[in-house]
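As the structure lists them, so they are numbered: ligands from 1, and atoms in each ligand from 1. Both backbone and side-chain heavy atoms feed into the values below; hydrogens, waters and symmetry mates do not.
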Amino acid sequence: MNQQQAIINLDTVIEKIEQARLKLSKHHVVQLVGVSKYSTSNDIKTVYEAGQRAFGENKIQDLKQKSKELEDIPVSWHFIGTLQKNKINNLIDLNPTLVHSLDSFDLALELNKKLEAKNKKMNCLLQINSAKEDTKSGVMPEVAIEIYNKIKKECPNINLKGVMSIGAYSNDTEIIKQSFVTTNEIFKNCKNATICSMGMSSDFELAIQCGSNMIRVGSALFK
Ligand SMILES: *Cc1c(COP(=O)(O)O)cnc(C)c1O
């Protein structure tokens with residue numbers, strides 16, 4: 001990808017975010033995470049130079065490699081993929097800005113234990129499987145608030161900042177919208193939660209309309 005293309009892609013996404021957020025309120029601020037999982041470090045650098053600072057990876061190994069290759073620039077790294085218990089220590093050592101994919105209480109306990117042993121803290125979001133799909137991870141919407149509160153109470157080394165969802169897998173906009181509304185309702189009921197991460201390249205405008213304040217955009221930025 002060349003610099004000119006990166007600027008066009010970023011400007012296009014920012015313009016769409018701007019229009020979507022203003023429909024909600026001029027005070028509704030949306031953070032953009034560039035999902036770089038299918039991209040090389042060179043392409044990340046190009047998009048960084050166009051002005052983007054936060055990037056997300058979904059595999060620990062890729063996060064490790066790319067953050068090493070790009071250690072000279074102050075990228076803010078997000079982890080958005082499924083976290084396996086045997087990779088927790090690796091993730092902790094990479095000091096991510098935010099982990100979006102805490103998807104069970106069991107995982108939270110394990111993560112908390114390992115953070116405690118290293119005397120560290122980690123910013124996390126609770127992933128919610130709002131459309132109840134077999135193919136997706138996350139806690140069920142009915143129990144999400146209860147689990148959120150339990151993690152807050154029992155996992156002092158996890159800074160739980162809010163919730164994350166992937167929109168329903170559907171061609172029907174109403175079904176996707178419903179999944180975002182479900183997550184946003186939970187978000188509003190989680191005490192002191194500040195981040196509602198939902199929306200990807202194909203549906204971020206809809207997600208913002210439903211209250212998302214952090215979107216994860218890959219293909220629209222890196223094309
Ligand atoms: C890949 C991925 C994205 C970005 O998807 P695009 O459709 O490329 O924008 C967002 N969130 C998660 C969890 C992902 O795995």
Using atom types as modelled, flag every donor-acceptor pair under 3.5 Å from a side chain in residues 54-63 to any protein atom, sequence neighbours excluded.
residue : atom : partner : partner atom : Å
E57     : OE1  : K66     : NZ           : 3.4
E57     : OE2  : S36     : OG           : 2.7
E57     : OE2  : K66     : NZ           : 3.0

Side-chain donor-acceptor contact under 3.5 Å, N95 with K120: yes

Distance-only donor-acceptor hits, side chain of residues 84-92, under 3.5 Å, sequence neighbours excluded:
residue : atom : partner : partner atom : Å
Q84     : OE1  : K87     : NZ           : 3.4
K85     : NZ   : D106    : OD2          : 2.7

Exam field: side chain S165 to backbone I128, donor-acceptor pair closer than 3.5 Å: yes

When you check ligand 1 against the protein, what N or O pairs turn up below 3.5 Å? List the atom names and distances, or just say none.
residue  : atom   : partner : partner atom : Å
ligand 1 : 8 (O)  : S219    : N            : 2.8
ligand 1 : 8 (O)  : S219    : OG           : 3.0
ligand 1 : 9 (O)  : S201    : N            : 3.0
ligand 1 : 9 (O)  : S201    : OG           : 2.5
ligand 1 : 9 (O)  : G218    : N            : 2.8
ligand 1 : 11 (N) : R216    : NE           : 2.8
ligand 1 : 15 (O) : K37     : NZ           : 2.6

Qualifying salt bridge (charged side-chain N to carboxylate O under 4.0 Å, His left out) pairs, either residue in residues 1-12, two or more places apart: none

Donor-acceptor pair between S130 and T182 side chains, under 3.5 angstrom: no

